[in-house]
Amino acid sequence: MPKLAAFPKAYLDELSTPGSMSLRQWIDMAATLDVDGLEFYCFFADLVDEKKWSEVRRMVEDRGLMVPMMCCSPDFTDNDAVQRRRQVEMEKKWIDMTAALGGTYCRVLSGQRRPDVSREDGVRYAGDCISACLPYAQERGITLMIENHYKDGAWVYPEFAQKMDVFLELIGRIDAPNFGVNYDPSNAIVAGDDPLELLDWVKHRVVTMHASDRYLTHGTLEDLHKEENVAGYASRLAHGEIGKGMNDFDAIFSTLVEAGFNGWISIEDGIGGFEQMENSTRFLRQKMRQYWPQAQ
């Protein structure tokens, strides 16, 4: 049955900056939540040294939790083949990290939507790079899941496969037992797509989910799209408390139940403070008990 994880969206910068916030601090905070596991980000400062991976795993497991998912951001859509190969090797290292931490799901992305990369080339680049990673992941018991993503915080351009039609074209090229979708309903809204329509297309391929609830602090989605080609996230886009944003979680969970989903749901929240994360956790637990009563 589905299990619940927490992702420290509010603390990514601190956890990725040496000497700012330790993973132990986040683990201790998250252990107070009603969750089963923790989703980690590949650029956490405490994960740079692979010799520390086993120690971090013990810290998590000592709190009765696990690390099922690794959030990674490979950039496979560069016209330079050398750069693409480097990104494949980086993803393989993150696959090793996922396995060492006891996880089974490692995220892949398409890459940035560079203006000099055509749709045909971008889909081919990303498809070939993901396919190159899949045997390596399978040998280590890892499933790669691609997210319908908006933008990594370090990127200039938004996700190449941000729009539903490109995303569906890309995943249609890849058929492997250890490949699936990390569904994020909020990212579909940001892309200008219907999250329920996207889910209907990919529901049988969803292996994990980012539970998020986006909202705009000001302006419109059209205003947001005008600000896409700048480094980082647009200031007008915010993660809200889950259940109070734009998403219909009753419709989402009903569809997932119908599709037989039994993967991990990761809470992508907390920007407004840890209390917000606690509220989102309670909301999701209530909904999970409602739609998967056998999980109680």
Side-chain angles (χ1 to χ4, degrees), residues 1-2 39 69 71-74 76-77 104-113 117-131 133-134 137 143-152 158-214 221 224-225 228 237 242 245-268 284 287-288 291-292:
M1 294 301 105
E39 180 183 6
M69 302 166 60
C71 183
C72 305
S73 300
F76 292 141
T77 52
T104 50
Y105 298 101
C106 185
R107 188 178 78 171
V108 292
L109 298 175
S110 57
Q112 297 186 65
R113 195 167 69 229
V117 176
S118 69
R119 172 168 171 165
E120 180 181 4
D121 284 344
V123 169
R124 176 168 53 86
Y125 294 160
D128 288 349
C129 288
I130 293 170
S131 295
C133 295
L134 282 165
T143 294
L144 301 184
M145 77 281 196
I146 187 167
E147 182 177 344
N148 58 305
H149 198 233
Y150 162 54
K151 187 181 189 181
D152 185 85
E159 183 78 21
F160 181 85
Q162 179 187 19
K163 295 288 291 181
M164 180 169 63
D165 60 333
V166 183
F167 184 75
L168 294 176
E169 181 181 352
L170 174 57
I171 67 173
R173 291 174 60 100
I174 305 169
D175 182 15
N178 63 320
F179 178 75
V181 169
N182 179 61
Y183 171 68
D184 188 319
S186 293
N187 285 340
I189 292 173
V190 172
D193 295 319
D194 181 343
L196 296 177
E197 181 184 359
L198 174 63
L199 180 57
D200 196 51
W201 278 105
V202 303
K203 61 188 177 184
H204 294 297
R205 302 192 73 174
V206 175
V207 293
T208 58
M209 174 183 172
H210 270 171
S212 63
D213 226 352
R214 298 280 185 89
L221 286 174
L224 173 67
H225 295 155
E228 285 181 337
L237 184 65
I242 297 172
M246 303 176 180
N247 288 308
D248 183 346
F249 278 90
D250 288 304
I252 290 168
F253 283 0
S254 292
T255 301
L256 289 174
V257 168
E258 176 192 342
F261 173 79
N262 65 350
W264 283 83
I265 298 170
S266 184
I267 308 164
E268 193 175 13
L284 287 167
K287 287 295 178 186
M288 290 171 70
Y291 286 94
W292 289 277

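Each residue takes its place number in the sequence, starting with 1.
- For the pair Met288/Pro2, a side-chain contact is recorded, criterion being any heavy-atom separation below 4.5 Å from C-beta on.
- Here the shortest heavy-atom pairing between Thr77 and Ala126 reads CG2-CB, 4.4 Å.
- In this structure, OG1 in Thr104 is found 11.5 Å from CG in Asn178, a value given to the nearest 0.5 Å.
- Remark: Ile146 CD1 to Tyr183 OH distance equals 15.5 Å, nearest 0.5 Å.
- The heavy-atom pair separating Gly180 from Thr143 by the smallest distance is N-CG2, 4.3 Å.
- Considering all non-hydrogen atoms of both residues, Ala251 and Asp248 come closest at N-OD1, 3.1 Å.
- Arg107 places none of its side-chain heavy atoms less than 4.5 Å from the side chain of Met69.
- At least one side-chain heavy atom of Ile252 sits under 4.5 Å from a side-chain heavy atom of Leu196.
- Ser186 and Asn247 are linked by a side-chain donor-acceptor pair at a separation below 3.5 angstrom, with hydrogens and angles left out of the test.
- Between Leu144 and Cys133 the shortest side-chain heavy-atom distance falls below 4.5 Å.
- Summarising the geometry of Phe261 relative to Trp292, their closest heavy-atom pair is O-NE1, 3.5 Å, with the distance given to 0.1 Å.
- Side-chain N or O atoms of Ser73 include none that pairs as donor or acceptor with a backbone N or O of Asp152 at under 3.5 Å.
- Between the side chain of Asp213 and the main chain of Gly245, a donor-acceptor pair closer than 3.5 Å is present.
- Between the side chain of Lys163 and the main chain of Ala191, a donor-acceptor pair closer than 3.5 Å is present.
- No donor-acceptor pair under 3.5 Å is formed between the side chain of Asp193 and the backbone N or O of Pro195.
- Tyr291 pairs by the ring-ring contact (aromatic ring centres under 6.0 Å, His included) definition with nothing, not counting sequence neighbours.
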Please walk me through it: do Asp200 and Asp194 pass side chain to side chain contact (heavy atoms under 4.5 Å, CB included)?
-> CA-CA 10 Å; Asp200 196 51; Asp194 181 343; over 6 Å; no
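- Side-chain contact check for Tyr105 versus Glu39: every heavy-atom pair is 4.5 Å or farther apart.
- Side-chain contact check for Gln112 versus Phe160: every heavy-atom pair is 4.5 Å or farther apart.
- Within the 3.5 Å criterion, the main-chain N or O of Asn148 finds a donor-acceptor partner in the side chain of Asn187.
- A heavy-atom distance below 4.5 Å is found between the side chains of Cys106 and Cys72.
- His210 has its side chain within reach of Asn182: a pair of non-hydrogen atoms, C-beta onward, lies under 4.5 Å apart.
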Run the numbers on Val207 and Val181 for side chain to side chain contact (heavy atoms under 4.5 Å, CB included), then give the verdict.
-> CA-CA 6 Å; Val207 293; Val181 169; 5.9 Å; no
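- Leu134 and Phe179 make their closest contact through CD2-CB, 3.9 Å (heavy atoms, listed as atom of the first residue, atom of the second, distance).
- Nearest heavy atoms, Ala211 versus Ile242: O-CD1, 3.1 Å.
- Scored by the ring-ring contact (aromatic ring centres under 6.0 Å, His included) test, Tyr125 finds no partners at all (sequence neighbours excluded).
- Test His149, Arg113, Lys151 against Gln162 for side chain to side chain contact (heavy atoms under 4.5 Å, CB included) and you get one pass: Arg113.
- Ion pairing between a basic and an acidic side chain is recognised when a charged N comes within 4.0 Å of a carboxylate O; Lys203 and Glu258 show such pairing.
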Listed pairs under 3.5 Å, donor-acceptor, residues 164-177 side chains, sequence neighbours left out:
residue: Asp165; atom: OD2; partner: Arg119; partner atom: NH1; Å: 3.0
residue: Glu169; atom: OE1; partner: Arg119; partner atom: NE; Å: 2.9
residue: Glu169; atom: OE1; partner: Arg119; partner atom: NH2; Å: 2.8

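- Glu147 places no side-chain N or O within donor-acceptor distance of the main-chain N or O of Leu109, the cut-off being under 3.5 Å.
- In this structure, CE on Met246 lies 11.0 Å from OG on Ser212, to the nearest 0.5 angstrom.
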